[in-house]
Amino acid sequence: MSTNASLFERAQRVIPGGVNSPVRAFRAVGGTPRFITRAEGAYMWDAEGTRYIDYIGSWGPMILGHGHPAVLEAVRQAAGEGLSFGAPTEREIELAEAIIALVPSVEQVRLVSSGTEAGMSAIRLARGATGRSRIAKFEGCYHGHADALLVKAGSGLATFGHPTSAGVPPEVVQHTLVLEYNSLEQLEAAFRQHGSELACVMIEPIAGNMNFVRASVPFMQRLRELCTQHGALLVFDEVMTGFRVALGGAQSLYARAIPGFRPDISVFGKVIGGGMPLAAFGTTRDIMKQLAPLGPVYQAGTLSGNPVATACGLATLREIARPGFFDNLSARTRRLVDGLAGAARETGVTFVGDCEGGMFGFFFLPQLPQHYTAVMASDKERFNRFFHAMLDRGVYLAPALYEAGFVSAAHTDVDVSATVQAAREAFTA
Ligand code: KE4
């Protein structure tokens with residue numbers, strides 16, 4: 001039988017870092033990544049036969065748990081009819097209709113194959129629709145690896161960014177402004193200086209790429225006002241939060257707090273593919289008519305709207321739209337976070353957690369951080385020890401302190417209790 005270590009050694013010979021996405025390599029937490037052989041419900045098994053309670057869920061898509069019968073049946077049926085046609089199908093219409101029915105701000109969607117592709121296309125659409133080049137994002141938010149978005153804050157207030165990755169020419173990110181998340185001061189300054197030049201402002205409404213940081217309601221309200229006032233489009237990156245924190249995504253939560261709130265463009269991924277390569281971006285019909293073949297903004301994809309992926313996504317959306325689904329998921333996720341906080345109190349560990357729907361995060365900090373600098377002040381070594389102590393106890397958390405966690409409908413209260421018990425031990429490991 002292959003071990004995780006032997007597989008990792010072999011993988012590194014033929015795949016950079018042994019992985020097809022960097023975070024999987026465990027470099028942030030150290031140790032050997034687990035090579036997963038199969039998953040079912042709330043569990044995954046690695047190459048050595050060890051079972052884990054899975055709080056990654058493929059980084060969000062597996063909201064139903066692994067191997068949901070209705071999803072597997074839909075995929076089997078679709079696969080038998082054909083894997084890919086490169087021609088339109090009725091199922092793409094059905095998935096578009098399902099997304100639009102759940103998200104009032106969206107009148108039309110374009111299906112693509114990854115969150116990166118959706119975010120990149122949303123930026124291009126915003127630039128094409130406004131005729132403006134400059135964009136703004138927030139430090140700590142990740143919107144996929146399109147060049148224009150691999151950027152870190154410039155020095156000083158509201159200055160244009162510098163590349164965070166080699167291979168991204170500085171001129172590609174010179175139009176990208178990077179602001180501090182939840183900073184009204186920087187928001188006001190940015191719009192004072194550049195408001196008329198901004199095509200869009202892109203934000204993770206709940207930043208799962210900073211573990212779990214909420215944009216405050218006053219901040220979001222002001223962002224919406226300034227975008228409207230200056231003609232910049234507000235792009236909600238709901239790749240992680242969409243159909244995960246609520247059936248209508250994070251925007252439905254802000255619409256409850258801010259009357260009439262809606263973003264201009266929404267980006268989706270993860271859950272809408274149910275574990276298969278599928279993402280989407282959408283907005284009003286008026287803006288979407290800028291897209292080829294109707295308008296001048298080009299965007300395309302060989303496997304966009306793939307018939308098997310759309311079957312998987314549709315079956316997933318049908319299940320999460322069932323009455324009570326999010327009530328149950330939210331309650332179970334809340335029980336997990338409260339249980340972890342209780343175990344931390346019992347063991348005298350500084351800990352704070354938060355959750356929304358089936359998404360959660362926690363920090364070894366006295367209070368919830370509001371921005372990237374505060375998140376990165378979290379005790380990294382302590383997190384890494386905790387991560388491995390939990391992994392050794394059969395609980396698979398996100399292998400990085402800046403990543404969120406995910407609960408599925410397949411997680412039971414027994415799983416939550418087992419996780420809390422493991423944490424009680426792991427906090428003092
Ligand atoms: P993908 O291209 O990985 O499908 O989506 C990019 C993306 C866009 N927007 C948000 C808010 C995202 O969280 C992501 C991807 N999330 C990461 C986890 N933080 C995926 C895991 C990985 O990179 O392997």
Side-chain angles (χ1 to χ4, degrees), residues 11 15-29 33-34 36 54-63 110-124 135 137-151 164-165 181 200-215 234-245 249-251 263 265-282 299 301 303-304 306 309 312-313 356-361 372 375 396-406:
I15 302 170
V19 293
N20 284 305
S21 199
V23 71
R24 302 176 189 171
F26 275 24
R27 293 178 77 92
V29 293
R34 300 312 193 254
I36 303 304
D54 174 19
Y55 288 107
I56 298 265
S58 178
W59 299 96
M62 309 317 293
I63 193 167
R110 177 58 62 85
L111 303 179
V112 296
S113 300
S114 74
T116 292
E117 198 181 350
M120 174 182 79
S121 305
I123 296 282
R124 186 179 311 132
I135 63 175
K137 72 175 289 286
F138 296 92
E139 191 172 33
C141 289
Y142 175 66
H143 304 294
H145 61 91
D147 280 359
L149 293 163
L150 290 181
V151 56
T164 53
S165 166
Y181 199 78
C200 67
V201 179
M202 193 168 194
I203 190 167
E204 283 187 70
I206 298 176
N209 288 285
M210 287 194 268
N211 195 305
F212 193 104
V213 181
R214 295 174 189 268
L234 177 54
V235 181
F236 251 37
D237 181 344
E238 295 229 45
V239 167
M240 195 183 287
T241 55
F243 313 101
R244 166 60 70 172
V245 299
Q251 57 191 275
I265 299 177
S266 297
V267 181
F268 300 111
K270 297 180 190 280
V271 168
I272 68 166
M276 296 203 73
L278 194 149
F281 61 101
Q299 184 275 330
L303 298 178
S304 294
N306 173 271
C312 193
E356 191 67 50
M359 181 172 159
F360 70 94
Y372 179 72
V375 168
Y396 198 127
L397 297 169
L401 72 81
Y402 45 79
E403 296 284 3
F406 305 96

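Indexing begins at 1, ligand by ligand and atom by atom, following the structure's order. What you see is a predicted model, and the numbers here were worked out from it, not measured in a lab.
How far CE of Met210 is from OH of Tyr402: 13.5 Å, rounded to the nearest 0.5 Å. How far CG of Leu149 is from OG1 of Thr116: 9.0 Å, rounded to the nearest 0.5 Å. Between Thr164 atom OG1 and Asp147 atom CG the span is 9.5 Å, to the nearest 0.5 Å.
A heavy-atom distance below 4.5 Å is found between the side chains of Met240 and Asn209.
Under 4.0 Å from any atom of ligand 1, one finds heavy atoms of residues Ser21, Val23, Trp59, Ser114, Gly115, Thr116, Tyr142, His143, Gly144, Glu204, Asn209, Asp237, Val239, Met240, Lys270, Glu403.
Just one of Phe236, Phe281, Phe243 meets the ring pair (Phe, Tyr, Trp, His ring centres under 6.0 Å) condition when paired with Phe268; it is Phe243.
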Apply side-chain contact (heavy atoms from CB on, under 4.5 Å) to residues Phe138 and Glu204 and explain how you reach the verdict.
CA-CA 8 Å; Phe138 296 92; Glu204 283 187 70; over 6 Å; no
